[in-house]
Protein chains: 2
Amino acid sequence: MLMARRKVSNPLALAVLGLLQEQSMHPYEMASTLRERHKDGSFKVNSGSLYDTVEALVRHGWIEPVETARDGRRPERTVYAPTELGQAEFVRWVDELVRTPIAEYPKFLAAVSYLGALGPDGAADALTERAGHLVQRIEQTQAVLDETVGSGAVPRLFMIEVECALHAWQAELDWTRRTVAEIGDGRLAWPRVERTEQGWTWSAADDGNGSER
Amino acid sequence: MLMARRKVSNPLALAVLGLLQEQSMHPYEMASTLRERHKDGSFKVNSGSLYDTVEALVRHGWIEPVETARDGRRPERTVYAPTELGQAEFVRWVDELVRTPIAEYPKFLAAVSYLGALGPDGAADALTERAGHLVQRIEQTQAVLDETVGSGAVPRLFMIEVECALHAWQAELDWTRRTVAEIGDGRLAWPRVERTEQGWTWSAADDGNGSER
DNA sequence: CGAGATATAGTCGGTTCCGACTATTAGGGA
DNA sequence: TCCCTAATAGTCGGAACCGACTATATCTCG
């Protein structure tokens, strides 16, 4: 069996489906609407991927073209609307994504796995710079939230994912700062690694005890 | 200009480079070593991607084959070692990844963007189930940490990324529980959306005031 | 009023990524 | 000793993804 193995998995497809719940649109309009509503922090909106995604949704019968209009002599725009299947699957998909956490692999985690390679000073320096960037990002995002939800222009529920992201970044910032502090006062020890015939040996920087792996 | 546009970007390449800092290996051994050391929570270790990644690293001159051994009549294994360039770039890459946060798009964020589609009860239910899964994941991961670092078998620095992940999951769990609570007591209102000729109108569930977007 | 900038709308080709599959060998209980 | 399973080692085809590019239309500012 080689066709339609699993559903469309790109989250951008979820965004498309979500927008089409409200109103029929052509792809370019989807992209600009997502940007207007600041949903481009939750979905990677790339024009190439967008058109691919729309085609995939058509193939799966979740959406369908309803109109092919042209304005003046601009290129033709194909307008899409969800099918009944698409409307049902949208809700099921959101439910599944919320209900079941899946493994993800943020690049920061990958980098932190090899934090040792930077040495204590290098690591503290890099983490400190990251903390600064995170502060900026958090402030900017908070400002957007204040302008929209804070002023009553948009109901809070419609931007709840921004609060979620903000919470996650704040947690990352806390961890980053805490780790800088722990490097500074030696609570996070930097073992010295040596190669021996037995394998690897490390000695703790503070007490000189060695262990083997 | 169409070749070698940017560096290898798959984090798995970082893992490969990291392992080869210690010791020459063949790809299969990389995969099993990563699993042994519980690094497979930070890197998506997929055999297909692994072989592609190793080839890409060779193309860029970051690693090179050093030996082609065969054991008994098993298929030949090609053993790789980093070049000097690869050793230098490894550190630079870790530094860059730690220093500069980049935009990422976790699927949970995508789903939360459309939390409204589940309705207050559906959303609370789904979030509650997620919280349960997160608790399990956190407990299991904590247990692994206790067995390894807790028992002194491995220095803390070598599993620091596990602490980082744990911190992030805990934050997600906190947000999830808080949101369930806010749905429950009405602090997170569910506006009723209606379509009008003007566009969209929503009325707050609690006070009946409408606003326009 | 002309020129450059920006907005509109989308195409295209190449790389990356992944899951499913293949094939051989070692281990271990009936 | 024989079969079944697990471990070893990797291949392959297709889907997803992305960035760079094209082309027209409108805006704007000296």
Side-chain angles (χ1 to χ4, degrees), chain A residues 1-16 19 24-36 40 43-60 65 67-80 102-105 107 110, chain B residues 1-16 19 24-36 40 43-60 65 67-80 102-105 107 110:
Chain A
M1 209 135 306
L2 48 84
M3 75 146 297
R5 146 169 54 277
R6 273 224 57 69
K7 80 172 120 206
V8 190
S9 65
N10 183 183
L12 191 51
L14 191 77
V16 169
L19 290 169
S24 302
M25 282 186 203
H26 54 102
Y28 186 86
E29 194 181 353
M30 297 172 198
S32 38
T33 305
L34 288 173
R35 270 185 271 268
E36 258 173 46
D40 54 340
F43 300 93
K44 173 139 206 175
V45 183
N46 171 312
S47 47
S49 314
L50 181 57
Y51 289 88
D52 284 349
T53 296
V54 165
E55 259 177 82
L57 285 171
V58 171
R59 277 201 308 275
H60 284 259
E67 185 187 352
T68 308
R70 68 174 124 13
D71 238 342
R73 211 184 299 92
R74 297 237 200 81
E76 283 181 12
R77 306 154 316 170
T78 305
V79 175
Y80 297 87
I102 55 161
E104 303 208 58
Y105 306 89
K107 302 209 192 253
Chain B
M1 209 131 309
L2 48 83
M3 74 146 295
R5 146 169 53 278
R6 272 224 58 68
K7 80 172 124 208
V8 190
S9 65
N10 184 182
L12 191 51
L14 192 76
V16 168
L19 290 169
S24 303
M25 282 186 203
H26 55 100
Y28 186 86
E29 194 181 352
M30 297 172 198
S32 37
T33 305
L34 287 172
R35 270 185 272 266
E36 256 173 48
D40 55 340
F43 300 93
K44 173 139 206 175
V45 183
N46 171 311
S47 48
S49 313
L50 181 58
Y51 289 88
D52 285 348
T53 296
V54 165
E55 258 177 83
L57 285 171
V58 171
R59 277 201 308 276
H60 285 259
E67 183 188 354
T68 308
R70 67 176 123 16
D71 237 342
R73 212 184 298 90
R74 296 238 200 80
E76 283 181 13
R77 304 153 318 169
T78 305
V79 175
Y80 297 87
I102 56 160
E104 303 208 58
Y105 305 88
K107 303 211 191 248

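Here is how names work: the chains are called A, B, and so on, in the same order as the sequence lines, proteins then strands, and each is numbered from 1. All of these numbers come straight from a predicted model, not from anything done at the bench.
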Has [X] got a side-chain N or O lying under 4.0 Å from the OP1 or OP2 atom of [N]?
{"X": "A:Y28", "N": "C:dT8", "result": "yes"}
{"X": "A:H26", "N": "C:dG10", "result": "yes"}
{"X": "B:R59", "N": "C:dT16", "result": "yes"}

Quickly work out the [X] [atom1] to [N] [atom2] distance and round it to whole Å.
{"X": "B:E36", "N": "D:dA7", "atom1": "CD", "atom2": "C1'", "answer": "13 Å"}
{"X": "A:Y80", "N": "C:dG10", "atom1": "OH", "atom2": "P", "answer": "8 Å"}
{"X": "A:L50", "N": "D:dG19", "atom1": "CG", "atom2": "C1'", "answer": "15 Å"}
{"X": "A:K107", "N": "C:dC17", "atom1": "NZ", "atom2": "C1'", "answer": "12 Å"}
{"X": "B:E55", "N": "D:dC12", "atom1": "CD", "atom2": "C1'", "answer": "12 Å"}
{"X": "A:N46", "N": "D:dC21", "atom1": "CG", "atom2": "P", "answer": "15 Å"}
{"X": "A:L34", "N": "C:dA9", "atom1": "CG", "atom2": "C1'", "answer": "16 Å"}
{"X": "A:H60", "N": "D:dA15", "atom1": "NE2", "atom2": "C1'", "answer": "10 Å"}

Requested in this report: Flag the pair B:P27 / B:Y80 as yes when at least one side-chain heavy-atom distance between them is below 4.5 Å, and no otherwise.
Outcome: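 Yes - at least one pair of side-chain heavy atoms lies under 4.5 Å apart.
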Query raised in the report: Tell me, do B:V79 and B:H26 make a side-chain contact under 4.5 Å, heavy atoms counted?
Result: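 B:V79 reaches B:H26 side chain to side chain.
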The side chain of [X] lies closest to which of these nucleotides: [options]?
{"X": "A:K44", "options": "D:dC17, D:dC18, C:dA9", "result": "D:dC18"}
{"X": "A:Y51", "options": "C:dC17, C:dT11, D:dC18", "result": "C:dT11"}
{"X": "B:S49", "options": "D:dC17, D:dA9, C:dC18", "result": "C:dC18"}
{"X": "A:R77", "options": "D:dT11, C:dC18, C:dA9", "result": "C:dA9"}

Considering non-hydrogen atoms only, spot the tightest contact between [X] and [Y] and give its length.
{"X": "A:V45", "Y": "A:D40", "answer": "CG2-CB, 4.3 Å"}
{"X": "B:K107", "Y": "A:P11", "answer": "NZ-CD, 3.9 Å"}
{"X": "A:Y105", "Y": "B:K44", "answer": "CD2-N, 3.5 Å"}

Requested in this report: Using a 4.0 Å heavy-atom cut-off across all strands, classify A:N10 as base, sugar-phosphate, or nothing.
Outcome: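 Sugar-phosphate contact only.
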Query raised in the report: Is there a donor on the side chain of B:D52 or the base of C:dC18 sitting less than 3.5 Å from an acceptor on the other?
Result: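 Indeed, a donor on one side and an acceptor on the other fall under 3.5 Å apart.
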